[in-house]
Amino acid sequence: DKADGLPDNEVNAIALAGDVVYAATQSGLARYADQKWEPAGEVPSPVRQVAAHGKGVIAAGGNGLYEIVDGTVTRICDVPLPAVESEKPISLAGGPTILLGTAEGLYELKDGRFEFNSELAKQSDEALEVRQVAVGSDGQAAAAARRGLYLRDKGGAWQRVLPRDGKRSWAPYGVWGVAFDSKGRLWFASAQGAGCLDGDQWTLYTGEDGLPFDEFTTAAAGEEGVIWFGTTMGAIRFDGEHWSYRQGLRWVPDDDIRGIAVNSNGDAWFATPNGTGVIERRPMTLAE
């Protein structure tokens with residue numbers, strides 16, 4: 001929290017560049033170094049989002065998009081007004097391409113500026129309200145939106161995805177989380193439950209399958225195929241077999257999880273309206 005050097009306890013997002021942690025707060029961007037938080041360069045407030053990108057991170061602060069690498073801050077371009085003026089959360093994904101999700105729809109960075117994706121917008125008669133975007137290592141992209149789950153194939157075409165697992169067939173609505181895990185599988189989190197696409201095979205999860213809670217806010221890839229989900233009442237970790245529910249001050253600074261970032265060791269960092277927190281995966285003996 002602020003006592004540890006955070007610019008503000010209101011943390012909107014969190015991201016990792018290697019082992020360096022970045023927090024996007026209402027009063028600036030911070031990085032965690034030497035067991036304390038410190039300013040991470042001149043990024044205008046409020047910093048609405050931050051995401052891993054290349055060797056550093058990208059951040060949406062003020063009315064601009066910035067890249068931060070090894071302490072050097074570079075302004076990339078303006079952020080569209082819907083992302084600046086809206087009180088609803090925005091999302092950001094870096095990688096082979098940079099995507100920005102807003103309440104009005106999806107934008108993609110092309111030729112130094114954000115372009116609105118009209119192709120995706122035409123698939124709904126209302127604003128999509130894109131809550132989270134994800135970019136895979138192979139160039140695939142996905143968008144979690146109020147109106148559904150959308151996937152861009154390698155050819156560049158967007159389509160709404162209707163998952164089917166045996167007798168279960170969903171048309172997801174209120175999709176608030178999406179992520180590609182370390183194995184390249186697509187995960188989503190919706191009001192109907194969670195799902196995973198491995199190749200062309202879907203697996204869907206509800207409370208009957210062990211899913212602890214389903215008021216989702218975000219999703220994030222963990223180590224070795226692990227997936228994390230943020231909710232309005234804590235965080236959920238799933239390793240493919242076991243569900244772990246982390247709720248309350250024993251685990252997180254606040255139950256409203258706004259963002260999750262996981263390092264290669266499996267340590268999970270959380271962005272909340274009451275500061276940041278981390279759950280470490282540390283081997284220890286019974287005596288310890």
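This structure is a prediction, so every number in the text was calculated from the model and none was measured. Atom set for the values below is all heavy atoms of this structure, side chains included, hydrogens, waters and symmetry mates excluded.
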I'd like to know if the side chain of [X] reaches the main chain of [Y], judged simply by a donor and an acceptor atom lying under 3.5 Å from each other, with no hydrogens or angles considered.
X      : Y      : result
Asp267 : Arg281 : yes
Asp165 : Leu204 : yes
Arg160 : Arg147 : yes
Ser169 : Arg164 : no
Asp255 : Gly248 : yes
Thr217 : Gly230 : yes
Asp214 : Thr206 : no
Arg185 : Gly225 : yes
Glu126 : Arg146 : no
Asn274 : Pro253 : yes

How close do [X] and [Y] get, counting heavy atoms only, and between which atoms?
X      : Y      : result
Asn12  : Val47  : ND2-O, 3.0 Å
Ser27  : Ser45  : C-OG, 3.0 Å
Ala179 : Ala221 : CB-N, 4.2 Å
Ala103 : Ala127 : O-CB, 3.5 Å
Leu211 : Tyr205 : CD2-O, 3.9 Å
Thr102 : Ala83  : CG2-CB, 3.8 Å

Looking at [X], I want to see if its [atom1] is surrounded by more than 12 non-hydrogen atoms of other residues, nucleotides or ligands under 6.0 Å.
X      : atom1 : value
Glu208 : CD    : no
Asp209 : CG    : yes
Glu115 : CD    : yes

Do [X] and [Y] sit in the same hydrophobic cluster, where Ile, Leu, Val, Met, Phe, Trp and Tyr count as joined when their side-chain heavy atoms come under 4.5 Å apart?
X      : Y      : answer
Ile260 : Phe213 : no
Tyr150 : Leu109 : no
Trp176 : Leu149 : no
Leu99  : Phe116 : no
Trp170 : Val175 : yes

Euclidean distance, [Y] [atom2] relative to [X] [atom1], rounded to 0.5 Å:
X      : Y      : atom1 : atom2 : value
Leu128 : Leu106 : CG    : CG    : 8.0 Å
Trp37  : Leu29  : CH2   : CG    : 9.0 Å
Leu6   : Thr276 : CG    : OG1   : 5.0 Å
Leu16  : Tyr22  : CG    : OH    : 10.0 Å
Gln132 : Ile90  : CD    : CD1   : 12.5 Å
Cys196 : Leu186 : SG    : CG    : 7.5 Å

- Do Leu100 and Leu92 pass the side-chain contact (heavy atoms from CB on, under 4.5 Å) test, and can you show the C-alpha distance, the side-chain angles, and the key distance before you say yes or no? CA-CA 5 Å; Leu100 175 70; Leu92 191 62; 4.0 Å; yes
- Query: Judged by modelled atom types alone, do Thr25 and Asp8 share a side-chain donor-acceptor pair under 3.5 Å?
  - Reply: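 Their side chains do not contain a donor-acceptor pair, so the 3.5 Å distance test is not met.
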- Query: Under 3.5 Å, is there a donor-acceptor pair linking the side chains of Ser190 and Gln192?
  - Reply: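 Indeed, the side chains of Ser190 and Gln192 share at least one donor-acceptor pair under 3.5 Å.
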If we only count heavy atoms from C-beta on, is the [X] to [Y] side-chain gap below 4.5 Å?
X      : Y      : value
Pro82  : Tyr107 : yes
Thr272 : Asp256 : no
Pro172 : Phe188 : yes
Met233 : Tyr245 : yes
Ser182 : Glu223 : no
Val135 : Pro96  : yes
Val11  : Arg258 : no

- Scan Thr231, Val252, Ile14 and name whichever one has a side chain to side chain contact (heavy atoms under 4.5 Å, CB included) with Ile257.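 Output: one option passes, namely Val252.
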- Message: One pair to check against salt bridge (charged side-chain N to carboxylate O under 4.0 Å, His left out): Glu67 and Lys55. What are the steps and the verdict?
- Response: CA-CA 10 Å; Glu67 183 176 20; Lys55 296 182 179 180; over 6 Å; no
- Message: Check Glu119 with Arg152, please: is the shortest side-chain N to carboxylate O separation under 4.0 Å?
- Response: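 Between Glu119 and Arg152 there is no salt bridge, as every charged N stays at least 4.0 Å from the carboxylate O atoms.
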- Ionic contact status for Glu104 with Lys88, cut-off 4.0 Å: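 No.
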- With sequence neighbours left out, write down each residue that passes salt bridge (charged side-chain N to carboxylate O under 4.0 Å, His left out) with Glu38, or none if nothing qualifies.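 Arg31.
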- Task: Carefully, step by step, assess Val161 and Trp202 under the rule side-chain contact (heavy atoms from CB on, under 4.5 Å).
- Result: CA-CA 11 Å; Val161 181; Trp202 280 103; 3.3 Å; yes
- Item | Working for side-chain contact (heavy atoms from CB on, under 4.5 Å), residues Glu108 and Thr97 | CA-CA 7 Å; Glu108 184 170 4; Thr97 188; 2.7 Å; yes
- Apply side-chain contact (heavy atoms from CB on, under 4.5 Å) to Asp198 and Thr203, showing your working. CA-CA 8 Å; Asp198 187 357; Thr203 305; over 6 Å; no
- Geometric class of the Trp243/Phe229 ring pair [parallel <30°, tilted 30-60°, perpendicular >60°]: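 Judged by the thresholds at 30° and 60°, the geometry between Phe229 and Trp243 is parallel.
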- Specify whether Phe270 and Trp228 have parallel, tilted or perpendicular ring planes, treating 30° as the upper limit for parallel and 60° as the lower limit for perpendicular.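 Rings of Phe270 and Trp228: perpendicular, over 60°.
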